[in-house]
Amino acid sequence: MEIAKAYDPKQAEEHHYQRWESEGFFTPEINEDLDAKKYSIVIPPPNVTGSLHMGHALQHTIMDVLTRRKRMQGYRTLWLPGTDHAGISVQRKVVEQLKKDEHKKPTDIGREEFVRRAWTWKEQYGNTITEQMRREGASVDWTRQRFTMDESLSTAVRNVFCTLYEEGWIYKGLRIVNWCPKDKTVLSDLEVKEEARKDGKLYYLRYPIKSSPPVLGGVAAASADGVVLSLTVATTRPETMLGDTAVAVNPKDERYKDLIGKTILLPLTDREIPIVGDEYVDAEFGTGAVKITPAHDPNDYQVGERHNLERLLIMNEDATMNAAAGPDFEGLDRFVARAKVVERFEELGLLEKVEDYEMTLPVCERCKTVVEPILSDQWFVKMDEMRDMALDLMRSEAVPHFSPQVPHEKVYTAWLENLKDWTISRQLWWGHQIPAWYDADGNVFVGRTAEEAQAKSGGRELTQDQDVLDTWFSSGLWAFSTLGWSGDTHVPTDAASAFERSPGEDEAAENRSLEDKSVLAPSDLDTFLPTDVLVTGRDIIFLWVSRMIMLTKKFTDKKAFEDVIVTGTVLGKDGKPMSKSRNNGVDPLEMFDKFGVDATRIYLASIATGADIKWNDVGVETYRNFANKIWNATRFCLMNADGAGVDPTLLFLGPAPDASKVKEMGALAFTGEAFKLSLPDRWIISRLNQTTVDVNVALSKYQFHTAVGLIFHFFWDELCDWYLELVKDEITSEIDSERRQVARSRFISLIERALRLLHPFMPFITEELWQKLPGTGSHLHHKSYSGAPPTIMLAEYPDFSGSFPENPNTDLAAETEMGAVIDVIKKVRNIRTELNIPFSIPVEVLIETDIHNHHIFRDNNLQIAKLVRAKTLRIESNILAPKASAKSVTGIARISVPLEGLIDFDKERERLQSQIDKLNVELQRLNGQLSNASFVEKAPAEKAQELRERQAEIERQVKVLNQNLEALNK
RNA sequence: GCCGACUUAGCUCAGUGGUAGAGCACUCGCUUCACACGCGAUAGGCCACAAGUUCGAAUCUUGUAGUCGGCACCA
């Protein structure tokens with residue numbers, strides 16, 4: 001078979017995904033084993049407004065690697081996809097569209113029409129990300145795709161809300177909340193970010209005290225007889241003084257304690273406010289006197305509660321001043337009002353001073369507008385009991401287990417310990433409308449439906465709460481609401497029974513399709529919850545992960561997931577987080593086009609778990625090259641495939657399995673002498689098996705980058721650079737022999753198994769090549785998928801945890817001997833390069849080694865001769881080499897390359913000397929260590945012995961090299 | 001302010017107590033019949049700095065400096 005000289009990713013990416021999906025390979029139903037263990041992951045639902053970014057690509061790669069491996073291991077595997085309705089984001093898109101297309105505001109078309117248009121928007125644009133996920137090769141079960149506003153998920157939301165309300169875990173109340181004047185909605189604490197401002201100002205305002213003559217100056221200006229005339233307060237938000245209802249001082253503050261109980265004449269208003277004493281005030285800070293605005297500051301609110309102060313709200317929802325701020329200020333923007341307040345204080349001589357003040361301002365996470373703390377009537381979730389549930393889970397079962405554990409476990413726990421109530425209402429139209437209704441008097445009736453609420457009210461005329469729930473409220477249910485829990489339709493079923501089929505249904509099972517999903521659907525919750533692992537970024541551990549843990553536990557009494565893998569951040573090339581404003585983003589789709597999906601995926605997987613990484617095109621290029629390497633190794637197979645095919649028995653180090661087993665495995669049944677393993681065969685199989693073991697260990701510990709490194713090294717260095725070169729002559733031999741067929745088949749089998757090992761990382765190229773390899777087919781599938789059409793996706797993932805325990809995995813003798821062969825080849829190549837002996841000139845090579853080692857080199861003499869381009873190769877115990885020879889030494893051999901007429905003696909001396917120098921450096925260190933009494937005394941005996949052996953070895957080599965050098969000087 | 005992470009070859013990064021590794025770049029050589037997206041051979045590190053623990057430290061402890069996060073903030 002002829003295939004292209006270079007790998008073209010596009011070609012492979014075009015058709016396989018479509019087939020995988022339409023054949024149903026992604027669904028758990030593909031698994032024929034009723035007793036198969038399950039493996040499940042729910043995707044962090046991307047926003048419907050989103051398009052694929054590098055963070056998604058990273059997380060999806062990790063999830064796909066996990067899922068594909070488990071599927072190949074025979075697990076009943078579900079990776080569930082879906083999207084989030086993204087309240088504010090979608091709302092904003094629709095508002096913009098409305099404004100642009102029709103110059104209308106939402107209120108012009110009304111709520112119902114607005115929501116209808118939001119759905120239209122979602123239908124039109126919401127598939128962007130799901131299509132991009134197909135491009136990524138994500139093996140998600142599209143038949144179970146969910147959206148947070150699906151009917152059953154919405155039912156779940158209402159049920160959860162009502163239950164929590166009934167149990168007193170949800171309440172409505174007046175609190176100081178974070179208000180975004182641009183989005184005109186309340187935000188939870190987590191949606192508010194701090195922004196450092198260096199240009200802040202601290203204003204010192206002088207408040208006159210009643211019954212005092214006009215104020216003259218000083219922090220607490222006093223008249224001649226010592227009576228205090230005014231009190232100065234400091235503030236960063238002067239406009240809020242219009243809402244002041246008190247001034248507070250610390251009761252222990254000697255300066256002011258006599259003022260407590262007196263009255264302030266609040267400037268710019270006609271109000272009189274009291275001076276109160278409160279421990280909250282820090283006498284050391286500012287002036288020691290604090291203006292109290294209970295409706296616009298959380299701390300002031302507390303003070304207000306304690307002193308029963310009036311709460312005067314002075315702003316509208318867009319942060320303009322309202323009527324309560326007085327006629328001079330009504331309608332002004334808060335910042336305009338600020339300037340005007342300051343100006344008026346100055347006119348009145350009441351502005352004591354203005355200081356520069358560095359501070360941090362709370363801003364809206366999405367629109368960066370300065371958030372206004374404001375008194376508002378909102379819905380909250382009381383978090384104390386939920387927090388305790390999550391903390392118990394962590395303390396008693398150490399769940400979830402974070403990877404990396406440090407620092408996330410600690411940060412997560414600390415955050416829980418300081419958790420405050422969660423503001424869940426949002427003043428939007430797009431989302432889950434709060435299932436609460438009000439009568440004309442404002443009494444609230446919470447119900448799952450309007451009818452239920454009305455019944456509770458005794459049939460009164462009701463209107464539903466206009467607000468919707470925080471997007472994260474529905475996402476918090478994602479782990480179980482997506483698996484069929486809606487709170488009123490779920491009937492627990494026996495997990496096992498779900499997979500039972502009545503007799504006679506076996507045939508139907510043959511062409512199992514998505515249709516009998518109904519058989520499974522009711523029990524998805526029992527089957528797949530808890531999910532096994534959650535893969536996500538740091539930014540939503542609190543926002544999403546923690547809430548899902550709590551809500552899942554609360555409503556299903558199950559864990560949401562056992563493990564959490566926290567991925568790092570993919571930074572731009574400048575080392576800063578990718579963002580539109582910095583314009584340092586790297587589009588995954590561009591990378592797919594440029595280097596291929598597989599190369600991008602495996603590069604992302606090669607990043608250490610949890611570590612941030614600066615994006616680096618060269619890294620992807622490396623794996624693009626790797627793909628090409630694999631392509632060409634396979635191409636070599638296919639160019640020499642006559643009479644050959646995959647034969648698993650050719651990879652057995654030990655005795656072959658019995659005949660019946662051999663047939664079952666699809667072996668080609670080679671026999672006799674040709675079947676015998678050569679040293680390179682034993683070595684490469686041993687390396688493959690060890691790599692397999694190590695890859696599985698690494699993946700089970702979520703060390704994806706380690707697994708990538710292992711496979712990369714095996715494939716490129718060991719399989720291609722060494723083994724392929726060693727067996728090339730045999731494989732390309734002109735003579736058609738069984739020996740040649742076995743060599744070809746063994747190489748094909750090695751490639752085939754390595755492709756399976758690699759498949760979870762590089763699904764497209766591995767499938768493309770696997771399909772081309774002779775002898776691949778469903779018989780290589782894991783036994784759970786024997787009826788499925790052939791695909792590497794369902795081939796058994798290489799492992800040694802069970803199949804043939806009598807078959808040894810590794811051959812350490814072969815690894816040692818092969819190491820000796822490799823050493824010799826490298827030394828001779830080094831001589832060639834250093835002495836400028838071109839490869840085109842064949843040389844004579846003499847290998848001097850103990851008699852019991854002769855076979856190592858003799859058995860491989862042809863390969864060695866080829867790889868160093870030797871015209872003759874002598875292997876003896878004692879060789880007297882000509883003086884004009886270049887020499888080297890390895891662990892078990894002395895090498896001479898006679899170079900009469902070609903050798904440059906100076907260069908050879910230099911070469912020998914540099915080898916001696918290098919060894920001497922190590923020798924000195926070893927000597928130092930071994931002559932250190934305390935080392936010999938305290939270090940483990942094995943260690944000391946190891947060093948002694950190494951010392952002897954180096955001494956021997958140095959001696960030989962010195963002899964060589966002397967011989968040269970004679 | 002509190003907590004944390006990071007600092008290893010020119011670059012991007014692996015490496016959690018026992019001779020410092022990879023990829024790319026660099027140098028030298030190769031139209032070796034799978035691959036120049038390749039092959040072969042070199043060179044290149046006081047593992048940020050200091051002190052400590054240890055027979056032994058890139059690795060553990062403490063401190064310092066720099067970089068970057070998270071959380072909380074006094075008007």
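Bear in mind the structure is a predicted one, so any value in this text is a computation, not a measurement. Note on naming: letters A, B, ... go to the chains in the order of the sequence lines (proteins, then strands), and numbering restarts at 1 for each one.
Checking B/A5, B/U19, B/G70 against every side-chain atom of A/V411, the shortest atom distance belongs to B/G70. Comparing B/A41, B/G18, B/A75 against the side chain of A/Y357 picks out B/A75 as the nearest. With distances taken from any side-chain atom of A/F712 to the nucleotides B/A41, B/G23, B/A43, the minimum falls on B/G23. With B/C55, B/A41, B/G4 as the candidates, the nucleotide lying closest to the side chain of A/P407 is B/G4. Set against B/A34, B/A41, B/C39, the side chain of A/D721 has B/C39 as its closest nucleotide. For A/F285, whose side chain is taken as the heavy atoms from C-beta onward, the closest listed nucleotide among B/C55, B/C74, B/A34 is B/C74. Listed nucleotides B/U32, B/G18, B/G70 differ in distance to A/F839; the shortest reach to its side chain belongs to B/U32. If you check B/C39, B/C13, B/G4 against the side chain of A/K410, the one that comes closest is B/G4. Minimum atom distance to the side chain of A/N616 is reached by B/U12, of the listed B/U12, B/C35, B/G18.
Between A/Y207 and A/F345, the ring planes lie tilted relative to each other; the angle falls in the 30° to 60° range.
For B/C71, one of the phosphate oxygens OP1 or OP2 lies less than 4.0 angstrom from a side-chain nitrogen or oxygen of A/K193. Residue A/N830 places at least one side-chain N or O under 4.0 Å from the OP1 or OP2 atom of B/U42. Between A/K629 and B/G23, a side-chain N or O to OP1/OP2 separation shorter than 4.0 Å is absent. Within the 4.0 Å cut-off from OP1 or OP2 of B/A34, at least one side-chain nitrogen or oxygen of A/K728 is found. Contact check, A/N836 against B/G29: no side-chain N or O comes under 4.0 Å of OP1 or OP2.
Applying the 3.5 Å distance criterion, the base of B/C35 shares no donor-acceptor pair with the side chain of A/R635. A donor-acceptor contact under 3.5 angstrom links the side-chain atoms of A/E725 to the base of B/A34.
Nucleic acid contact for A/Q929: base, since at least one base atom lies under 4.0 Å from a heavy atom of the residue.
Here, B/G23 and B/A34 have their C1' atoms 22 Å apart, quoted to the whole Å. To the nearest whole angstrom, the two P atoms, one in B/A5 and one in B/U16, are 16 Å apart. B/G29 and B/U19: their C1' atoms are spaced 30 Å apart (whole Å).
Rounded to an integer number of Å, the gap from A/F935 CZ to B/A57 P is 12 Å.
Separation of the A/Y623 and A/F595 ring centroids does not fall under the 6.0 Å cut-off. Ring pair A/Y603/A/W615: centre-to-centre distance below 6.0 Å.
One finds the NZ atom of A/K353 at 14.5 Å from the OH atom of A/Y203 (value rounded to the nearest 0.5 Å).
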